[in-house]
Amino acid sequence: MKARLTTPGARSRLRTRLLAHYDREARDLPWRGETDPYRIWVSEVMLQQTRVETVTRYYGPWLRQFPDVESLADASEDRVLKAWEGLGYYRRARSLHRAAAVVRDRHGGVVPSDPAGLLDLPGVGAYTAGAVASIAFGVVTPAVDGNVKRVLSRLYDEPKPTPRWLEERAAELVEPRRPGDWNQALMELGATICVPRVPRCERCPVAELCAARAAGTEQDRPAAARKKPARVLRISVALLYADDRLLLHRRPSDGLLGGMWAFPEGDVDEVAGRVGARLVGDVTALDEVRHRFTHIDATYLPAASRVDSTPTPPDDHRWVALRDVEGLALPVAQQRILGQWTSSRESEGA
DNA sequence: AAATCGGGGTG
DNA sequence: CACCCAGATTT
């Protein structure tokens, strides 16, 4: 009963029906029909763990700033991170930046067309290599993302599909004449019909071929992974200012929010000591800012104080004129902290 | 195999 | 609130 798609005939019917549905119903997305490998690559990296609707807001502006591999490779990391600001998983931006330099220096500026060459690039894993190779170059290779995992888990009624199993099933299903469209059709099905909680089987073009549908187990496929509770963190941050300049800190490349700018962590006197400035006047405690990352429940405790001078700080710190702060790449939580300070100053001046 | 790494949309 | 998204990388 589980084995509905084990025969070539059944797989052929699946391809025909799903591609027909895709040709009829596919959403009109900014990168649909795109043929430039660089642009397809950019869209796939942005789409990693990120909704289509979110990526749509970043894709166009990114291409205006970095229209090709060379312009991206030549850009500063600050510009690249600024263009990525708010998208999250900032290592993706840093990896894409590095990869552009690799393509320029080792591939003559031409994006590799084979999955192996793509896999060598920073930030390109099995999914992205398969997606770019199939969509941009017509290579007959699968692309297994979260959607495809769910769709295959249901089609075969497999509760706990392993990466190996998924690659094998996906590989034997690829439509050899239209591999890119096929992979996108499978993902589109998962995104619009074969959705996580309550799938819309009544609208599914391949429901008759679905083993989970036949068994009534579609809502339990794939089996839910156990979740670990988020770490709870309380983080003191210091807003030190003199005249119209604010002290900011560039976070280390590795780890959380790597390479992004942020207010220095620690109490105001401690941070002032770190940069060799002296506090002047009262310390203002600002409202807490709670920010939940996927795995961290952070509460920022911001405090602001004027300082008497802006001595040359350590390399990873910078005194930034207020009007220049918006030019730096700040994580969402830091923007909210800045907003607290700004509003507290306004209410004081009023 | 499990942890790390953002942010936001959705029921 | 929980869940999870066109995942990659490290441990």
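Chain identifiers are assigned alphabetically (A, B, ...) following the order of the sequence lines, protein sequences preceding nucleic acid strands; residue numbering begins at 1 within each chain. Source: prediction; values computed, not measured.
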Counting only side-chain N and O atoms of Arg231(A), is one of them less than 4.0 Å from OP1 or OP2 of dA3(B)?
no

On DNA chain B, more 5' by nearest nucleotide between Arg57(A) and Leu256(A) is Leu256(A)

Run the numbers on His97(A) and Phe66(A) for side chain to side chain contact (heavy atoms under 4.5 Å, CB included), then give the verdict.
CA-CA 10 Å; His97(A) 188 208; Phe66(A) 314 115; over 6 Å; no

Base, sugar-phosphate, or nothing for Leu189(A), non-hydrogen atoms under 4.0 angstrom?
nothing

Please work out if Phe293(A) contacts a base, only the sugar-phosphate, or nothing of the nucleic acid, heavy-atom cut-off 4.0 Å.
sugar-phosphate

Is the phosphate of dG7(C) approached by Gln49(A) (side-chain N or O, under 4.0 Å from OP1 or OP2)?
yes

Are Glu158(A) and Arg221(A) within salt-bridge range, i.e. N to O under 4.0 Å?
no

The nucleotide from dA2(C), dG6(B), dA6(C) with an atom nearest the side chain of Arg32(A) is dA6(C)

Determine the contact category for Ser95(A): base if any of its heavy atoms lies under 4.0 Å from a base atom, sugar-phosphate if only primed atoms, P, OP1 or OP2 are that close, otherwise nothing.
nothing

Between Glu172(A) and Arg169(A), is the closest basic N to carboxylate O distance under 4.0 Å?
yes

Categorize Glu188(A) for me: base, sugar-phosphate, or nothing, with a 4.0 angstrom heavy-atom threshold over every strand shown.
base

Scan Ala126(A) against the nucleic acid and name what it touches under 4.0 Å (heavy atoms): base, sugar-phosphate only, or nothing.
sugar-phosphate

Taking only N and O in the side chain of His295(A), is any of them less than 4.0 Å away from OP1 or OP2 of dG6(B)?
no

Distance between the P atoms of dG6(B) and dT11(C), in whole angstroms?
15 Å

For atom P, what is the distance between dT4(B) and dA6(C), given to the nearest Å?
24 Å

One should read off an interatomic distance between Asp308(A) CG and Leu279(A) CG, to the nearest 0.5 angstrom, of 8.5 Å

Are there over 12 heavy-atom neighbours, none belonging to Arg106(A), within less than 6.0 Å of that residue's CZ?
no

State whether Tyr90(A) places a side-chain N or O below 4.0 Å from either non-bridging phosphate oxygen (OP1 or OP2) of dG7(B).
yes

Using the P atom as the point on both nucleotides, what is the distance between dC1(C) and dC5(B), in whole Å?
22 Å

Students often get this wrong, so: under 4.0 angstrom with heavy atoms, is Leu87(A) touching a base, only sugar-phosphate, or nothing?
base

Side-chain N,O (Lys228(A)) to OP1/OP2 (dT4(B)) below 4.0 Å
yes

Contact class for Arg150(A) vs. all strands (heavy atom < 4.0 Å): base, sugar-phosphate, or nothing?
sugar-phosphate

At 4.0 Å (heavy atoms only), tell me whether Gly255(A) reaches a base, stays on the sugar-phosphate, or touches nothing.
sugar-phosphate

Within the 4.0 Å heavy-atom criterion, would you say Gly86(A) contacts the bases, only the backbone, or no part of the nucleic acid?
sugar-phosphate

Quick one: on DNA chain C, does Val124(A) or Leu47(A) contact a more 5' nucleotide (nearest heavy atom)?
Leu47(A)

Output yes when at least one side-chain N/O atom of Thr294(A) is less than 4.0 Å from OP1 or OP2 of dC4(C), else no.
no

